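Here is the naming used below: chain letters follow the sequence lines, and residue numbers restart at 1 for every chain. Since the structure is predicted, the reported quantities are computational estimates derived from the model, not experimental observations.
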There are 2 protein chains.
Amino acid sequence: MNLDGYDRRILEALQEDGRLSNQDLADRIGLSPSPCLRRVRRLEEAGLIGAYRAVLNARALGLNLMAFIQISMDRHTPERFENFERHVGDYPEVLECHLITGQSADYLLKVIVADMDGFQALLLNKITRIDGVTGVHSSFVMKSPVSKTSLPLLSSQNA
Amino acid sequence: MNLDGYDRRILEALQEDGRLSNQDLADRIGLSPSPCLRRVRRLEEAGLIGAYRAVLNARALGLNLMAFIQISMDRHTPERFENFERHVGDYPEVLECHLITGQSADYLLKVIVADMDGFQALLLNKITRIDGVTGVHSSFVMKSPVSKTSLPLLSSQNA
DNA sequence: ATATTTAATGGCATATTATGCCTTTAATAT
DNA sequence: ATATTAAAGGCATAATATGCCATTAAATAT
């Protein structure tokens, strides 16, 4: 799909404020509401806009402990991996699970819990009980000076 | 702030679909539109809802390479840290920067770029040039079977 | 248990916004 | 220059948000 300057500005604006009204958005990007809305719908249908989400404040919800967990598996068989991915996908504390390159781990998990008790419960009762999990290395987040959701829109490519 | 069942259901619904109309939301949680909207505004003002965002599809935007970069610093002085955080905050490719515990690194960065050329440019021209950066270890993401934005709303606590 | 106070809900009228259709403008190729 | 295509703008209608008021429900004290 080809993006022009209007499309890029629409994406930029909606990444910042996903509840912008179409009229405000149209004003901001310099189009009238009709074509602006048509473009937004087109971007949604093309899958460029995948979803709209409310971003909640973890602290305010009592979720005070974020951690990254590096996981090593015993065997690198598809069954092991599928099983692991299915399980971690079911745990609401696991926000992200990435299969990564590198010598020291197969997976990197980003998790969020209320406190160290919650972390312990997650690690001991859930994650380490999944078949094939051998190594586990946890890093706790003390501070997150950067936490963006906006993807960089390479202003290169296209007119 | 105290959350009851209605509030939690509002948060859950808006985490899933941040553009739900107030009328649909009201239907879904079992309130009429007026009190529903009042609750949403209250949650926004209390900071529980921090923002509304459109979530874009990285692949569709040509951002095909995600990586995690572990960074070690030479000295752990406030100036070093502040300087580093300011710089990485200015790079649009850096989506997250976390100060973490652990022996092997001080920071964990999550970055996204178009391809390996983009990664090289980011690493060599930007990140490794920041004062104090000594060790750098990169892991590339092959697959992300879990990638949620929804925080777990511990249905415990409160009525 | 009853009265009193408080807080939150539901309904309604108005203002704002979204949406579909049609016309007009701009760009491209012949 | 003319024909053709694609996108923009304008307008009427439908849907939605919003503020105010009456009502109901809940909590507290007597």
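- Residue Arg39(A) is in sugar-phosphate contact alone, with no base atom involved, counting any heavy-atom pair closer than 4.0 Å across all strands shown.
- By the side-chain contact (heavy atoms from CB on, under 4.5 Å) test, Arg86(A) is found to be paired with Asn83(A), residues two or more places apart in sequence or in another chain being considered.
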Check: residues 24-38 of chain B side-chain donor-acceptor pairs under 3.5 Å, at least two apart:
none

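- Bending across the helix from dA1(C)-dT30(D) to dT30(C)-dA1(D), expressed as the angle between its end axes from five pairs apiece, amounts to 40° (10° rounding).
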I'd like a table of donor-acceptor pairs (distance under 3.5 Å, sequence neighbours excluded) in which one partner is a side-chain atom from residues 44-53 of chain A, with atom names and distances.
| residue | atom | partner | partner atom | Å |
| --- | --- | --- | --- | --- |
| Glu44(A) | OE1 | Arg41(A) | NE | 3.1 |
| Glu44(A) | OE2 | Tyr52(A) | OH | 2.7 |
| Arg53(A) | NE | Gln15(B) | O | 2.9 |
| Arg53(A) | NE | Glu16(B) | O | 3.4 |
| Arg53(A) | NH2 | Glu16(B) | O | 3.4 |

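- Checked against ring pair (Phe, Tyr, Trp, His ring centres under 6.0 Å), Tyr6(A) has no partners two or more places apart in sequence or in another chain.
- Residue pairs meeting the ring pair (Phe, Tyr, Trp, His ring centres under 6.0 Å) criterion with at least one member in residues 13-34 of chain B, sequence neighbours excluded, do not occur.
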**Test log, rule side chain to side chain contact (heavy atoms under 4.5 Å, CB included), inputs Val111(B) and Met66(B)** = CA-CA 6 Å; Val111(B) 307; Met66(B) 181 182 282; over 6 Å; no

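- Using a 4.0 Å cutoff to heavy atoms of chain A, the contacted part of DNA chain C runs 5' to 3' from dT17(C) to dC21(C).
- The side chain to side chain donor-acceptor pair (under 3.5 Å) contacts involving residues 123-141 of chain B comprise Glu93(B)-Lys126(B), where partners must be two or more places apart or lie in separate chains.
- The stretch residues 24-50 of chain A participates, sequence neighbours left out, in no ring pair (Phe, Tyr, Trp, His ring centres under 6.0 Å) pair at all.
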**Asked** How does protein reach along nucleotides 12-22 of chain D, written 5' to 3' as B (base within reach of a heavy atom under 4.0 Å), S (only sugar-phosphate), or - (no contact)?
**Response** ----BBSBB--

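- In this structure Lys143(B) satisfies the salt bridge (charged side-chain N to carboxylate O under 4.0 Å, His left out) test together with Glu85(A), sequence neighbours excluded.
- Not a single salt bridge (charged side-chain N to carboxylate O under 4.0 Å, His left out) links Arg9(A) to another residue, sequence neighbours left out.
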